[in-house]
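A short worksheet on the structure shown next.
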Amino acid sequence: MEGLETKWQQLWAERGTYAFQRPASREQVFSIDTPPPTVSGSLHVGHVFSYTHTDLIARYQRMRGKAVFYPMGWDDNGLPTERRVQNYYGVRCVPSVPYDPDFTPPEQPDPKRQVPISRQNFVELCLQLTAVDEQAFEALWRTLGLSVDWSYLYTTISPHAQHNAQQAFLRNYARGEAYMAEAPTLWDVTFQTAVAQAELQDREYAGHYYRVAFHGPDAPVYIETTRPELIPAVCALIAHPDDPRYQPLFGSTVKSPLFDVEIPVLPHFKAEPDKGAGIAMCCTFGDLTDVQWWRELQLPTRVILGRDGRLLAEAPEWLANPAPYAEMAGKTTFSAREAIVQLLRESGDLDGEPKPTMRMTNFFEKGEKPLEIISTRQWYIRNGGRDDELRQALIARGEELDWVPEYMRHRYTAWVEGLNGDWLISRQRFFGVPFPVWYRLDAEGNPDYAAPIMADEASLPVDPANQPAPGFTEEQRGVPGGFIGDPDVMDTWATSSLTPQIACGWVGDPELFGLTFPMDMAPQAHDIIRTWLFSRVVRAHLEHGLLPWHHAAVSGFVVDPDRKKMSKSKGNVIVPSDILDEFGADAVRWRAASARPGTDSPFDKLQMKVGRRLAMKVLNAAKFVLGMATDHAAPITNPADLSMLAQLASVVSAATEAFEAYEYTDAIEVTERFFWTFCDDYLELVKERAYGSQGAAEAASAQAALRLALDVLLRLFAPFLPFVTEEVWSWYHGEDSSVHLAAWPSVAELPNTGDPVLLDQVGEVLVGLRGAKSEAKVSMKTEITAATVSAPADALAGLQTVTADLKAVGRIVGEIEWREADAITVAAELQA
RNA sequence: GGGCGUGUAGCUCAGUUGGUUAGAGCGCCUCCCUUACAAGGAGGAGGUCAUCGGUUCGAGUCCGUUCACGCCCACCA
């Protein structure tokens with residue numbers, strides 16, 4: 001088995017075995033929207049499993065005669081790549097730094113002192129590093145035997161992908177589906193970028209409740225807050241309209257502690273009487289409820305937090321008493337909190353001691369500090385989050401889609417129903433697709449955001465940082481009366497939401513697009529339904545009025561033996577190349593195939609061994625079958641042969657039915673079960689006859705049946721064990737033949753006159769014969785001097801037709817005595 | 001708090017529309033170098049089908065309850 005991966009991946013590449021040949025019509029194509037892995041990360045066993053699942057379907061469809069469009073993509077665009085480049089080279093992007101064509105990164109990257117470099121230098125390093133990563137990824141996929149057509153490889157940062165992303169964006173804008181807005185936005189202070197709802201993660205975060213007095217006309221009003229540093233930003237106190245404790249205060253004002261700002265006390269149903277003090281301080285902005293209050297109660301905007309997560313250096317003008325602010329100015333929220341708590345203590349406005357609490361807070365999934373809410377100008381795409389008609393239309397798309405497994409549909413619906421805003425696609429980062437947008441500068445040099453200049457579709461892809469706006473020259477950049485380019489890039493999802501369009505040639509290849517879009521199948525893991533799956537539905541719905549594919553196939557995760565998610569920090573990650581080296585690709589694929597769609601699967605290295613044994617068994621069984629000179633046209637007449645082939649026919653039906661339902665697990669299960677019985681019982685039973693012990697005609701029947709069964713089995717196994725089946729196939733088919741291009745087996749190839757039950761009954765007799773020897777602890781070669789087989793009348797008749805085979809396999813030297821009974825049992829006397 | 005899923009042998013999992021004695025592989029025990037295969041083969045032990053209740057002649061399977069676990073979402077003063 002050694003070396004099969006190397007040999008065949010090379011031959012397949014040379015022969016173009018998996019090349020997509022464009023057929024005449026869409027019906028002849030099966031197209032797959034392969035998930036483009038993030039190349040800045042590393043591939044783990046979960047990837048290996050889920051990509052294998054896709055490949056199983058691809059190979060099955062190819063054998064069914066479909067032209068399979070199975071491209072690979074690399075997601076090399078966006079923040080993960082930036083982070084990796086920063087760490088790998090010890091650099092950071094500072095857009096104001098000029099381009100240095102001769103820049104070389106430091107030899108020893110110092111994470112504490114990252115070298116500031118220009119945006120262009122930074123992007124070049126990103127491209128350089130991703131190219132290296134992508135080679136390693138491709139090598140792994142080839143070793144695993146993915147039947148990808150590598151000539152259709154795409155990357156999400158390529159000019160082609162940028163063209164798609166910009167073109168789709170321009171069209172969204174033209175139809176009013178993309179828009180720019182200044183609005184409170186979830187903001188990561190570490191990366192200094194806006195973050196979308198889909199990228200949020202809840203995490204526990206330690207904090208304290210502080211009970212703080214606001215000064216009412218008669219008595220203090222106590223609120224409880226976990227974020228006292230935001231007191232300068234308070235614009236209202238809010239209680240529930242039905243709360244009798246606060247009803248008398250509605251409409252009046254209180255003064256904030258330390259700063260003496262007049263704060264209105266207002267009612268709103270969203271306030272919860274049993275939470276904290278029952279009255280909340282609303283500031284701009286502490287959390288998403290604040291945003292809702294601010295919007296619905298039309299409160300003033302009082303911003304004190306900068307984009308870097310620090311309090312603004314200048315004291316805000318609305319503070320009646322600005323003096324205490326000096327203690328907080330310019331500090332991080334954490335330090336500002338310490339400072340103000342000290343001040344509140346001194347002024348007597350802190351009631352009692354802070355109470356420790358663990359609270360759930362929104363984090364950027366890749367970030368380490370809690371998200372802030374900061375008002376910024378951003379680009380959005382409508383996704384139904386603020387528009388019920390669109391929301392209903394997208395929910396209907398989810399209903400229209402075929403889900404494997406079916407219940408994953410609910411996750412989609414729940415996510416769309418829970419959206420609370422449009423899709424924020426702009427990021428204040430560098431390595432991504434730029435917005436094809438410029439802004440005019442007025443006479444004072446202020447940008448006119450109300451009337452952006454959009455690029456012409458014919459000019460795509462463009463980079464407004466390097467190319468002037470239409471109708472302007474580069475000299476007019478940044479000068480009054482001139483223009484500036486939009487500084488932001490699109491989030492990765494804004495590009496990867498278009499993978500069907502990018503892969504299928506929406507831009508530049510209308511013929512391919514017509515043949516492959518909408519695609520047949522979208523494979524992905526279940527964690528990504530809310531992000532990638534949903535965003536592709538949004539884009540295809542808006543652009544084409546269609547679903548981007550017909551089937552969504554959802555894989556589970558590979559989890560560690562304790563059913564915990566594998567993660568680097570736990571040190572329980574299995575390196576895919578290690579298990580591929582140790583057990584071989586076929587064995588790993590076999591294990592992957594036994595993980596059902598949508599179901600998490602615990603990783604157990606021992607199970608790979610079983611897959612390896614199966615692959616080895618295929619080789620050995622084939623060696624035996626092909627070792628005999630076979631007359632292919634010989635009539636198959638022996639009842640045992642016909643019984644075996646009748647069983648195989650039902651295996652073919654079952655496996656086909658399973659694959660049609662994307663249930664590859666059932667297909668391998670039924671095939672494998674048959675194969676082991678085939679080897680252990682049938683093959684042993686007919687061995688001597690096949691060698692000629694019962695004459696030429698009987699031998700020919702066995703040999704023809706063996707050859708036919710092998711040929712069908714190889715094709716049934718081919719999607720699962722592509723290397724070993726191809727190896728065996730090559731032993732007796734022509735040089736140019738590939739099992740992977742052979743026709744999927746059909747029942748019509750097999751004789752239908754056999755009694756499938758006979759072989760099972762033979763199996764029971766064999767167990768009896770072997771059991772007798774096993775119990776006596778003697779070799780299977782030991783002769784049986786006298787045997788009695790008891791069986792029901794109908795079984796007896798069948799068994800008697802294979803008496804010669806039974807005698808041969810059991811080494812029965814005398815005659816078999818047949819007796820009628822309720823069940824099949826065997827009694828045997830062994831040679832002393 | 002809402003939703004989805006899962007609970008069958010020590011482990012990983014099958015179990016069709018309810019129908020004799022609940023299956024497979026791994027692991028374990030015993031044995032066997034047998035001419036396709038010792039990186040193999042044969043045989044064996046091992047289960048109150050999470051709980052309680054209901055429907056039925058009959059329930060692992062259908063209905064309800066409870067418990068446990070996992071995931072998604074919401075909340076987060």
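Labels below follow one simple rule: chain letters A, B, ... track the order of the sequence lines, proteins then strands, and each chain is numbered from 1. Basis for what follows: all heavy atoms, side chains included, without hydrogens, waters or symmetry-related copies.
Using a 4.0 Å heavy-atom criterion, one finds that A/Tyr205 contacts no nucleic acid atom at all. Among the atoms of the strands shown, only primed sugar atoms or phosphate atoms (P, OP1, OP2) are found under 4.0 Å from some heavy atom of A/Tyr209. In this structure, A/Lys270 reaches the bases: a heavy-atom distance under 4.0 Å links it to at least one base atom across the strands shown. Note on A/Arg612: a base of the nucleic acid sits closer than 4.0 angstrom, heavy atoms only. In this structure, A/Asp604 reaches neither bases nor backbone, as no heavy-atom distance under 4.0 Å exists between it and the strands shown. Heavy atoms of A/Ala776 sit nowhere under 4.0 angstrom from any nucleic acid atom. Within 4.0 Å of A/Met780, counting heavy atoms only, lies at least one base atom of the nucleic acid. Among the protein residues, A/Lys623 comes within range of the sugar-phosphate backbone only, with heavy atoms under 4.0 Å from sugar or phosphate atoms but none that close to a base. Across all strands, A/Glu224 comes closer than 4.0 Å only to sugar-phosphate atoms, never to a base (heavy-atom distances). A/Thr226 comes within 4.0 angstrom of the backbone, heavy atoms only, and of no base. Within the 4.0 angstrom heavy-atom criterion, no nucleotide atom of any strand lies near A/Val625. Across all strands, A/Lys781 comes closer than 4.0 Å only to sugar-phosphate atoms, never to a base (heavy-atom distances).
Ring centroids of A/Tyr412 and A/Trp403 are separated by less than 6.0 Å, placing the two rings close together. Close placement of the A/Phe675 and A/Phe717 rings is indicated, their centers lying within 6.0 Å of each other.
Remark: A/Asp527 pairs with A/Ala525, A/Phe557 by the side chain to side chain contact (heavy atoms under 4.5 Å, CB included) rule, at least two apart or across chains. Not a single side chain to side chain contact (heavy atoms under 4.5 Å, CB included) links A/Ala414 to another residue, sequence neighbours left out. By the side chain to side chain contact (heavy atoms under 4.5 Å, CB included) test, A/Ala592 pairs with A/Phe49, A/Thr52, A/His53, sequence neighbours left out.
The stretch residues 409-417 of chain A touches RNA chain B through A/His410, A/Arg411, A/Trp415, each having a heavy atom under 4.0 angstrom from the strand. Looking at residues 676-688 of chain A, you'll see A/Trp676, A/Cys679, A/Asp680, A/Leu683, A/Glu684, A/Lys687 sit with a heavy atom under 4.0 Å from some atom of RNA chain B.
Using atom P as the reference point in both B/C69 and B/C62, the two lie 24 Å apart (nearest Å). When the P atom is compared between B/U66 and B/C52, the two are found 15 Å apart, to the nearest whole Å. Across B/C33 and B/A39, the matching P atoms stand 16 Å from one another, rounded to whole Å. Comparing the C1' positions of B/G23 and B/A38 gives a spacing of 28 Å, expressed to the nearest Å. Taking atom P on both nucleotides, B/U17 is separated from B/U12 by 26 Å, rounded to a whole Å. On the P atoms, B/G18 is 11 Å away from B/U61, given to the nearest whole Å. Rounded to a whole angstrom, the distance from the C1' atom of B/A59 to that of B/G54 is 11 Å. Comparing B/C31 with B/U16, their P atoms sit 39 Å apart, to the nearest whole Å.
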Report all side-chain donor-acceptor pairs from residues 274-284 of chain A shorter than 3.5 Å, counting only partners two or more places apart or in another chain.
from: A/Lys275; atom 1: NZ; to: A/Glu272; atom 2: OE2; distance (Å): 3.4
from: A/Thr284; atom 1: OG1; to: A/Arg302; atom 2: N; distance (Å): 2.7
from: A/Thr284; atom 1: OG1; to: A/Arg302; atom 2: O; distance (Å): 2.6

Donor-acceptor pairs under 3.5 angstrom involving side-chain atoms of residues 208-215 of chain A: please list them, not counting sequence neighbours.
from: A/Arg211; atom 1: NE; to: A/Asp351; atom 2: OD2; distance (Å): 2.8
from: A/His215; atom 1: NE2; to: A/Asp349; atom 2: OD1; distance (Å): 3.1

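Side-chain atoms of A/Arg245 and A/Gln247 include no donor-acceptor pair closer than 3.5 Å.
Contacts classified as salt bridge (charged side-chain N to carboxylate O under 4.0 Å, His left out) and involving residues 583-594 of chain A (residues at least two apart or in different chains) are given here: A/Asp55-A/Arg589. Residues in residues 661-684 of chain A take part in these salt bridge (charged side-chain N to carboxylate O under 4.0 Å, His left out) pairs, two or more places apart or across chains: A/Arg596-A/Glu663, A/Arg596-A/Asp666, A/Glu669-A/Arg673, A/Asp681-A/Arg770, A/Glu684-A/Lys687. Applying the salt bridge (charged side-chain N to carboxylate O under 4.0 Å, His left out) definition to pairs two or more places apart or across chains, those involving residues 612-623 of chain A are A/Glu2-A/Arg612.
When atom types are taken as modelled, the side chain of A/Gln524 and the backbone of A/Ala522 share a donor-acceptor pair closer than 3.5 angstrom. A donor-acceptor pair under 3.5 Å is formed between the side chain of A/Ser256 and the backbone N or O of A/Val261. No donor-acceptor pair under 3.5 Å is formed between the side chain of A/Ser555 and the backbone N or O of A/Ala553.
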**Report entry** Pair A/Asp805-A/Gln694, side-chain hydrogen bond (donor to acceptor under 3.5 Å, both in side chains): steps then yes or no
**Finding:** CA-CA 9 Å; A/Asp805 283 351; A/Gln694 294 172 42; 2.8 Å; yes

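Nucleotides of RNA chain B with any atom under 4.0 Å from a heavy atom of chain A span, from 5' to 3', B/C4 to B/A77.
Nearest-nucleotide mapping onto RNA chain B: of A/Glu582 and A/Asp600, the residue sitting toward the 5' end is A/Asp600. Comparing A/Ile238 and A/Arg673 by the nucleotide of RNA chain B that holds the closest heavy atom to each, the one mapping nearer the 5' end is A/Arg673.
Taking a pair as Watson-Crick or G-U with both hydrogen-bonding distances under 3.5 Å, the stems of three or more pairs touching RNA chain B are B:1-7 with B:67-73, B:10-13 with B:23-26, B:28-32 with B:40-44, B:52-54 with B:62-64.
The minimum heavy-atom distance between A/Ala236 and A/Leu266, with the atom names listed, is CB-CD1, 4.0 Å.
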